[in-house]
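Taking it in order: structure first as structure tokens, then the write-up.
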Amino acid sequence: MKAFTTEHLRNLAVIGHGDAGKTQLTASLAFVAGATPRWGKVDEGTSPTDYDEDSIARKVTLNNNFAHLEYQDAKINLIDTPGYAAFVAHARPALRVADCALVVVDAVHGIEVQTEKTWQYANEFLLPRFMVVNKIDKEHADFGHALETATSSFARSIVPFTLPIGKEGSFRGVVDVVHQKAYEFDENGKAKAIPIPSEGKDIFDRTRERLIEIVAESDDALMEKYFNDGTLPEEDIYPNLAKAIANSKLCPVYAVSSATLVGLQILLDHIVEFAPNPATHEAEYGFKDNSLAGDRIPRKYSNDEPFSAYVYRTIADPFAGRINVMKIVSGKIASDATVTNCTRDTQERLGALHVINGKSLEKVNEAQTGDIIAVVKLKETQTGDTLCDKSSPIVYPPVEYPEAAIAFAIEPKSRADEDKISVALHKILEEDPSLHFDRDPQTKEFILSGSGQLHIETVVDKLMNRYHVEVALHPPKVPYKETITAMAEVQGRHKKQSGGRGQFGDCKVVFEPLDRGQGFEWVDKIFGGSIPQNFRPAVEKGILEAAQTGYLAGYPMVDFRVTLVDGSYHTVDSDEHSFKAAGRKAFRNAMEKVKPALLEPIMDVEVFVPQEVSGDIMGDLNSRRGRVSGMDMRGKQQVIKAKVPLSEMLDYQSKLNSVTQARGSYHMQFSHYDPLPHNLAQKVIDEAVAAGRVRAHEEDE
Ligand SMILES: Nc1nc2c(ncn2[C@@H]2O[C@H](COP(=O)(O)OP(=O)(O)OP(=O)(O)O)[C@@H](O)[C@H]2O)c(=O)[nH]1
Ligand SMILES: [Mg+2]
């Protein structure tokens, strides 16, 4: 394949709500452009971007994936992204490297929750936007309604560039409002010009008028021309529409069906004509080194600048090994070049360069500014890294992923599985920075945390299908904490006399409760030398060490102050070790008097549901000990805001699915800790004892 120059590149991230048809649109565009000889179908597991077995089995996109096509004299790079809440975070890195977002809207449902969320992501990166109203062939599809929900949700001019001819089963063509032409499409999606139908002529005229106004408003001279002549010449309209799109003033909308290929060829024509190329960006901003401190350095999207690239995706391919996908921000690159990974301060030899289509790689000799390429088997490079020319270092800030919302314990089914699990998970984590993996220091359990239950389940599937590791998934863990509710003065005395040198440490401390969120405070109030200065930190260390595993159920103890008031020591036998032991003992003695209690995390929850079920949803939230704090309408959907204990939300998605027939969604984030009600606390304590998390309060050494 040849190298494309920057102005002939179009990088689009395909974003939107789950099931809107992003993956099918990508497959259908590739087919219409002739990039794939066979027409890939999501429902048959043959789309280029939902290629891994987990996506195919679930018919859901799980991470961002790539397809490219050559059309006319351009190369169109499409990054298909997930729309389901559990995976939607992967749309952000795609938007980071795209030059335009292709927002896919379901013609039956209009704007939905994840359409809004991904639109917000695109705002973060100041991206121009195209919008596609997909599935116009479907029963109850309504282009006008979908458009209305878009214009009422988003603050920029959203104007159709094509209008549908026919709807539902009879959707057969589109009118190109910009070029004033109409088309029908054959079964391969090839457009054939037809006369503009008289039906709907008024909508066509109004839409065209609106476009001309937008162009006129963009420039005083044009405005004057428009005022005098009542219209504008075609040669003024096209380039200025492209400019309005690139400046995020205008979002063109296209009527299409990815299932019947109607409208797609015109969409491709318009992507080439109107979508911004990478150099339309003013510049990309980075920092001089990986501290990401100091002034921001601009880097122009130009072949004349030194090479730099941002790695936005890592794929752990079972055959090819690690594949890094990157966007070239500046300069050119040829195969076998050696570059610097400025994020990690190492050198990397690139080897062969590839363009990527789903899972298949095709070699290219060189690539230019703005292109997206893949390289294999780099030593250390990971998602989020910057590669650059040694002589002109720059580090682009990496895309951040949201914190994990839920954690599960996973247990290898056999010894062999236990041996393989870390290696396999390491590879899965490379591909998915929104996933976290830890080992509980006490229970030695493997803890996997991510954005939701579905997320974790897909990881378990992948462990099994791809790495042949079998694990059992245990119920999610709630990160409880412990605190104290009363004040007490206690003594901690450690004394041992067993031949040779003895051990001696003795402290008197006061424990007091602090407000929520205050953590731990240490106050030294010893007057004089009852404990020498150099041993006092050991008392604090001993107390903190003991607090780490709490008292009631093995959870960390928080929000308390300890004041050291007195003690004694022995000139020969006292040492740090003895005072640490005295601190631990003081902690344990205190626990009998300070009335320890359990705390539970409370989440801020937002639930999005059709209005007719909002009563049921609120009743259900109440029964989960939730407190509803507000209600709101967003488009046609009701937003219910509530504070709910995390422990009550663990099975929420399935409840929501059953009440709303899978049209509801929710997200939550940590708010604060509250005391756990007594009856529930007892249950947590019993479970902790049964699981061996609470150590018998053995006598100290
Ligand atoms: N009738 C009709 N069905 C479509 C159209 N486009 C996609 N579909 C179907 O809609 C379903 C979802 O399509 P996908 O392409 O997987 O949707 P998606 O937006 O990629 O979904 P996620 O990746 O999970 O966010 C599949 O069953 C498709 O066959 C269309 O234009 N018309
Ligand atoms: Mg998809």
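Note that ligands are numbered from 1 as they come in the structure, with each ligand's atoms numbered from 1 the same way.
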Of the protein's non-hydrogen atoms, which lies at the shortest distance from [atom], and what is that distance?
atom                    : answer
atom 31 (O) of ligand 1 : S258 N, 2.8 Å
atom 5 (C) of ligand 1  : K135 CG, 3.5 Å
atom 16 (O) of ligand 1 : V42 CG1, 3.4 Å
atom 18 (P) of ligand 1 : K22 N, 3.4 Å
atom 14 (P) of ligand 1 : G21 CA, 3.7 Å
atom 6 (N) of ligand 1  : N134 ND2, 3.1 Å

side-chain contact (heavy atoms from CB on, under 4.5 Å), paired with V659, selected from D620, V609, D616
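For V659, the side-chain contact (heavy atoms from CB on, under 4.5 Å) check succeeds only for D616.
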Would you check the N or O atoms of [X], main chain and side chain alike, for any that come under 3.5 Å of an N or O of ligand 1?
X    : value
A259 : yes
L25  : no
D80  : no
A20  : yes

Is the ring pair F161/H270 parallel, tilted or perpendicular, if the boundaries are 30 and 60 degrees?
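Correct class here is perpendicular.
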Check the angle between the aromatic planes of Y254 and F130 and answer parallel, tilted or perpendicular using the 30° and 60° thresholds.
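Parallel: the ring planes of Y254 and F130 meet at under 30°.
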Give the contacting part of [X] toward ligand 1: side chain, backbone, both or neither, where contact means a heavy-atom distance below 4.0 Å.
X    : answer
D43  : side chain
D19  : both
D137 : side chain
Q24  : both

Could you tell me whether any N, O or S atom belonging to T23 is less than 2.8 Å from the Mg ion (ligand 2)?
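Coordinating: yes.
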Examine T61 and say whether one of its N/O/S atoms is closer to the Mg ion (ligand 2) than 2.8 Å.
yes
Are K75 and D371 close enough for a salt bridge, meaning some N to O gap below 4.0 Å?
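Answer for the salt bridge query: yes.
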Relative to the heavy atoms of K138, which atoms of ligand 1 are at a distance of less than 4.0 Å?
1 (N)
Think R92 forms a cation-pi with Y121, using NZ or CZ under 6.0 Å from the six-ring centre and within 45 degrees of its axis?
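R92 over Y121 ring: yes.
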Mind checking whether E199 and F204 have side chains closer than 4.5 Å, heavy atoms only?
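A side-chain contact is absent here, since even the closest heavy-atom pair is not under 4.5 Å.
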Using a 4.5 Å cut-off on heavy atoms from C-beta on, say whether the side chain of F87 contacts that of T61.
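They are not in contact (no side-chain heavy atoms under 4.5 Å apart), so the answer is no.
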May I have the step-by-step check of side-chain hydrogen bond (donor to acceptor under 3.5 Å, both in side chains) for N324 and R313, ending in yes or no?
CA-CA 6 Å; N324 288 121; R313 170 89 156 100; over 6 Å; no
Can you tell which of T61, L264, D50 gets a heavy atom nearest to atom 23 (O) of ligand 1?
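Minimum heavy-atom distance to atom 23 (O) of ligand 1 goes to T61.
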Quick one: does E168's side chain have a donor or acceptor within less than 3.5 Å of a partner on H140's backbone?
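The answer is yes, because a donor-acceptor pair under 3.5 Å joins these two groups.
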When rounded to the nearest 0.5 angstrom, what is the spacing between CZ in F4 and CD in E70?
3.5 Å
Checking R129 now: which residues fulfil side-chain hydrogen bond (donor to acceptor under 3.5 Å, both in side chains) with it, not counting sequence neighbours?
N123
